[in-house]
Every structure is written in C-alpha cells, then in structure tokens.
K.L.:
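Dumping the structure here so I can ask a few things about it.
Just so you know, these numbers come straight off a predicted model, no measurement behind them. Letters A, B, ... are given to chains in the order of the sequence lines, protein chains preceding strands, and every chain is numbered from 1.
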There are 2 protein chains.
Amino acid sequence: MAKLAHDHTAEDCVELVTIFQNLSKKDKDTIATLVTHHHYKSGEYLFSAGDASDSLIIVAHGQAKVFQMSANGKEQMLRILQTGDFDGEAALFSNTDHNSFAQTLMDTDVCQISRSDFQKLMQETPEMAVNMVNALGRRIAQLEQQTTEVTTASVESRLANYLLETSAGLDEEIFTLPLKKKDIATYLGTTPETISRKLTSLAKQGMIEKISNNKFKILDTDRLMMID
Amino acid sequence: MAKLAHDHTAEDCVELVTIFQNLSKKDKDTIATLVTHHHYKSGEYLFSAGDASDSLIIVAHGQAKVFQMSANGKEQMLRILQTGDFDGEAALFSNTDHNSFAQTLMDTDVCQISRSDFQKLMQETPEMAVNMVNALGRRIAQLEQQTTEVTTASVESRLANYLLETSAGLDEEIFTLPLKKKDIATYLGTTPETISRKLTSLAKQGMIEKISNNKFKILDTDRLMMID
DNA sequence: CGGAATCTTGAGGCCCGTCAATAACGGTGG
DNA sequence: CCACCGTTATTGACGGGCCTCAAGATTCCG
C-alpha cells in the first residue's frame, strides 16, 4: 500500500471530533492514549450487522455510509459519516451487536475507543458526557426529520431538499453530487431510476441545470423549496 | 379541577424514570427539589412547534404522542411517551425552539426540570450523564429502525409488526389497540383508511381475529412476522 | 337519546417500483 | 491515446400499492 499522503495520528482524532473539542489539554492527552487507529480502503466495511459492537468509531479522515438491510434485502441509508463524525451505537449499550453496516466511500482513516475506556472516560470527564448528550440529541433531531420527510413528502420534494442541502455551504454555482445515484436513492428511500427521472424532470421545469450526470446547478431555489 | 386519584409527587418522578434509577438516595433527593409537576387533561398539549424549548419533560403517569407537522400539513408520529419516558430534545440544546408537538392521549401527570438545572446535574452527577447517553442511544436505535421500516416494508408488514409489538408483553389473548386508527396511521406513515383495509385483510387471511373495531386476537404469529 | 367523531367500504387514479434494454462513464492495460 | 469491460446511469413500458375523495355505518359520550 502507498504511504499515506497525510499521517493521521491519535492526536488528530481527538482534535477533530466535536465531542472532545472543548476539553482541557490534559484530558485530550489522556484520550489520545486510549485511541487506536486504522486505515481502510474505499469500499471496505468498518463493521457489519451481527458484529460484536464494542467500540466507538470516529472518522478521522474520509467518508463512510451507515445503512441497514431490511428483511427483504433493501438497503436504507441512515447517515453519511464525514470527517469528525462518529458512530455511537457501539459504545453505548453493553453486549449488543451492530444492527447496521458501515462501508467506506473513499480511503478513510478511523479511530476507535473501546467501550469500557469510553464509559470510564464519561464517568471521569463530565464535560465529555455532556458533549456526548448534545451530539446524540442533534442526531435524534436529524433522524426525526428524516423519518418525517420520508413518509410525508414526495420523492421530488425530498430530492429537491437534498440538492439544496448538498449545494448549501459551497458557494460554487455548479456542484457535484458526492454520492452515487444508488446511494442517494437509499438515502431518500427510493430507487436510482426514480432519482434519475426526477432530476431530468426538475431540469425540464427549469429549477436546476444538468451539467453532467453528477454535476448540477441550482437555478430556482425558491421553487425547489416549495415543491409538494 | 377534581382531586387526582393518585398523588404524583416529585419523588414519584424521580423513582419512575430510568435515567435516575440507579442513583444514590442523596442524588435522588437533590433532583426531587429541582422538579416541578403539572397535570394535563386528555388532549392538551405539553408543547407545540415554535414554543421555546427550555426544560426536560418526564411523563410521571399517563401517555402522550409526539409528532411533527410537515409542510403540506401531514402529521408524522415520532413516538408515544409512556409512563417513565421523557422528551429529551428540550433539555439538550440552548436557545432552540421545539420543532414537534406533544399532545396527551389521556389525563397525564408530567414533571419538568429546567435546562440549566439539568445541565448542572449532568456536570455534577456523571452517572446520570451516562444514563442519559444510554437512553438517547436506545432512542437513536429505535428511530433508525422506524426509518428503515417505513421506507422498505409494505404497510401490511409494518402493521403486522405493530400488532405484534403492541400485543407482546400482555399475556392476554385479546388485546385492545391503545391508539385511534388515525394515530396508528401517522405512526406507520399511512392513512386511517389503509389501516382499516389492512386489518380486515389480515383477518380474512386468518392471521388475526377481529373482536370489535379496536380489539383483536393474534392467531398466527409466524405468518405475521413473515409478511413482506 | 342525539350529535360528533371515528371507522368502514367503494371507486378511481397516480406515484413510483420493477423489469429490461440501451447508453454513458471510468478505470485499466496495451 | 485508444480499445475494452465492468459499473453506473438513463429511458421506456407496465403494473400495483396506496392515497384521495366520498358516502354510509358505527361508536363514543354527554
């Protein structure tokens, strides 16, 4: 394997992650000693459903998708882990298995803390526990939003929202969809075919412009927001 | 207002709620002094979207539904708060408004702790913060499950699961649906008409027996689990 | 007992999922 | 640089599940 372009150390993880950010230097140093890190190539799994779930996983650099598999074999995307995000499930309950999958979307560096170390850490560092509570609260709000949208809004509306969210923050006029259509589809609770159709439909209606198959330009934010 | 059948005191709240349960007597007493309680009649709102969100709300006795309202006016049920459950959102972020509604389904007693008191409590009582993290983690797992089911499984399958979950725990053969069809519908992301149709369909297929419009008997657990 | 809310049942239609075939893309090696 | 092949995306035809609208039946509760 090629040498990493950047070296990602335990300190990097601690600096990157929001739940550690406002802690004292001393606390951060302690945490750094508890962390192990690993490199994954694009497409590898961080964990699969059924795996023993025994550590908190932090994305130090890269991107991974977390999804569940339903009884009939359909994927449902739960979230995209970006640099600095973590997957909590693992560190919270004792003796439960993962019920979801995490697969990297690019080469990705990951840090881990074992459940027991993490639980000890929360006992000893209340600020960290409070940070954790806040992070989980945000996650809950986001999931509630996702559930509501998926059941109450049309695919066209969900897709429009997704485009607006994805393009927000980038002040580029033209932006690139960061995911394959299949992944966008499972994120929005639909199929790649429908995504494809709705994108051309939005383009025909003049709300977006299609530059290439995954590059787009927002033409009419207001109308996109009003769909459905 | 009539005198309450049972007196629900601050101590009751503290005893009832899982996040307080394994704390020391001393800690519990402290918490009890921070709690205020209120009685609500059936159908009243504990809070509405847009209200300032400034306290943790605990259901000491009764039942309430928490739901969001989508842009096009549809309700999406997020969860049912039972005795001992709490709504977290409020106590976690600073200066955000509620984005959901909570409405009682029967006469209900509620306890509250202000956000500032609760945040202080977490700082001073790490065990409580850890309890909170665990409770939120469970809630996340449940929401992820709900999102996945709602997008990947048919209404019939979701309803079958709901019936199994609702009847589980009660060893009664015949059980009563605790919610109106409209509420079941918004919980499962569908409409009352569809719920009605699917229930008669399940009965025709011999998997359940319809005793009255809201009393049912499970006849074939295995087939109910296999739907879809 | 009476009126309001809830539930049931039917008819009709549309959104979107499925299946399938073609096209475009992207990386690899010659 | 181009030819090649697997992956991904597009487009069409079709069907079905579920939503909508509406009317009638039933239940609930004062």
K.L.:
Mind checking what makes side-chain hydrogen bond (donor to acceptor under 3.5 Å, both in side chains) contact with A/D107, not counting sequence neighbours?
P.N.:
none
K.L.:
What residues form a salt bridge (Lys or Arg N to Asp or Glu O under 4.0 Å) with A/D183, not counting sequence neighbours?
P.N.:
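A/K65.
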K.L.:
Would you say the side-chain atoms of A/D228 pair up with the backbone N or O of B/N72, donor to acceptor, closer than 3.5 Å?
P.N.:
no
K.L.:
Could you check how far CE of A/M106 sits from P of C/dG27, rounded to whole Å?
P.N.:
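To the nearest whole Å, that distance equals 13 Å.
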K.L.:
With a 3.5 Å cut-off and sequence neighbours excluded, list the donor-acceptor pairs that the side chains of residues 45-57 of chain B form with protein atoms.
P.N.:
{"unit_1": "B/D51", "atom_1": "OD2", "unit_2": "B/S48", "atom_2": "N", "d": "2.9"}
{"unit_1": "B/S53", "atom_1": "OG", "unit_2": "B/A90", "atom_2": "O", "d": "3.3"}
{"unit_1": "B/S55", "atom_1": "OG", "unit_2": "B/Q112", "atom_2": "NE2", "d": "3.0"}

K.L.:
When the distance from CG of B/N72 to P of D/dC19 is rounded to whole Å, what number comes out?
P.N.:
13 Å
K.L.:
Nucleotide by nucleotide, 5' to 3', does protein get under 4.0 Å of the base (B), only the sugar-phosphate (S), or neither (-) in nucleotides 21-30 of chain D, counting heavy atoms?
P.N.:
B-----S---
K.L.:
Given axes from five pairs at either end, by how many degrees does the helix from C/dT8-D/dA23 to C/dG30-D/dC1 bend, rounded to 10°?
P.N.:
50°
K.L.:
Tell me: CD1 of B/I195 to C1' of C/dT6, nearest whole Å?
P.N.:
14 Å
K.L.:
Between B/T191 and D/dC18, does any side-chain N or O lie under 4.0 Å from OP1 or OP2?
P.N.:
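For D/dC18, OP1/OP2 do not have a side-chain N/O of B/T191 under 4.0 Å.
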K.L.:
When you measure from the side chain of A/T104 to the backbone of A/K41, do you find a donor-acceptor pair of N or O atoms at a distance under 3.5 Å?
P.N.:
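A pair under 3.5 Å: yes.
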K.L.:
Output every pair passing ring-ring contact (aromatic ring centres under 6.0 Å, His included) with a member in residues 203-228 of chain A, not counting sequence neighbours, ordered by first then second residue.
P.N.:
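Residue pairs with at least one partner in residues 203-228 of chain A: there are none.
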K.L.:
B/K204 has an atom NZ; how far is it from atom C1' of C/dT8, in whole Å?
P.N.:
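So the NZ-C1' distance, B/K204 to C/dT8, works out to 11 Å.
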K.L.:
What pairs with B/Q82 under side chain to side chain contact (heavy atoms under 4.5 Å, CB included), at least two apart in sequence or on another chain?
P.N.:
B/Q63, B/I80, B/D85
K.L.:
Is the shortest side-chain N/O distance from B/T200 to OP1 or OP2 of C/dT8 below 4.0 Å?
P.N.:
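Answer no for this pair, as no side-chain N or O of B/T200 is under 4.0 Å from OP1 or OP2.
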K.L.:
What is the distance from atom OG1 of B/T83 to atom CD1 of B/I58, rounded to the nearest 0.5 Å?
P.N.:
12.0 Å
K.L.:
Output the residues of residues 174-188 of chain A in contact with DNA chain D, where contact means a heavy atom of the residue under 4.0 Å from an atom of the strand; sort by number or write none.
P.N.:
A/K180, A/K181, A/K182
K.L.:
Considering only distance and modelled atom types, tabulate donor-acceptor pairs under 3.5 Å from the side chains of residues 191-199 of chain A, sequence neighbours left out.
P.N.:
{"unit_1": "A/T191", "atom_1": "OG1", "unit_2": "A/T194", "atom_2": "N", "d": "3.3"}
{"unit_1": "A/T191", "atom_1": "OG1", "unit_2": "A/T194", "atom_2": "OG1", "d": "3.0"}

K.L.:
Any side-chain donor paired with an acceptor under 3.5 Å for A/Q146 and B/T147?
P.N.:
no
K.L.:
Think A/K74 has a side-chain N or O under 4.0 angstrom from the OP1 or OP2 of C/dT18?
P.N.:
yes
K.L.:
Looking only at side-chain N and O atoms, does A/T148 offer a donor or acceptor that is under 3.5 Å from a partner on A/E144?
P.N.:
no
K.L.:
With sequence neighbours excluded, tell me which residues meet salt bridge (Lys or Arg N to Asp or Glu O under 4.0 Å) with B/K74.
P.N.:
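With neighbours one apart ignored, the set is empty.
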K.L.:
How long is the line joining CG of A/L199 and C1' of D/dA9, in whole Å?
P.N.:
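Rounded to whole Å, this separation is 11 Å.
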K.L.:
Is there a donor-acceptor contact under 3.5 Å from the side chain of A/T186 to the main chain of A/Q76?
P.N.:
no
K.L.:
Could you go through nucleotides 13-15 of chain C and list every protein N or O atom that sits under 3.5 Å from one of its N or O atoms, giving the distance for each pair?
P.N.:
none

K.L.:
Would you tell me if any nitrogen or oxygen in the side chain of A/T194 comes within less than 4.0 Å of OP1 or OP2 on C/dG17?
P.N.:
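So the side chain of A/T194 is within the cut-off, an N or O lying under 4.0 Å from OP1 or OP2 of C/dG17.
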K.L.:
Please list, chain by chain and in numerical order, all residues satisfying salt bridge (Lys or Arg N to Asp or Glu O under 4.0 Å) with A/R138, sequence neighbours excluded.
P.N.:
none
K.L.:
Roughly, in whole Å, what's the span from CD1 in A/I211 to C1' in D/dA9?
P.N.:
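In whole Å, D/dA9 C1' lies 17 Å from A/I211 CD1.
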K.L.:
What is the distance, to the nearest angstrom, from the NZ atom on A/K210 to the C1' atom on D/dA9?
P.N.:
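Computing the A/K210:NZ to D/dA9:C1' distance gives 8 Å.
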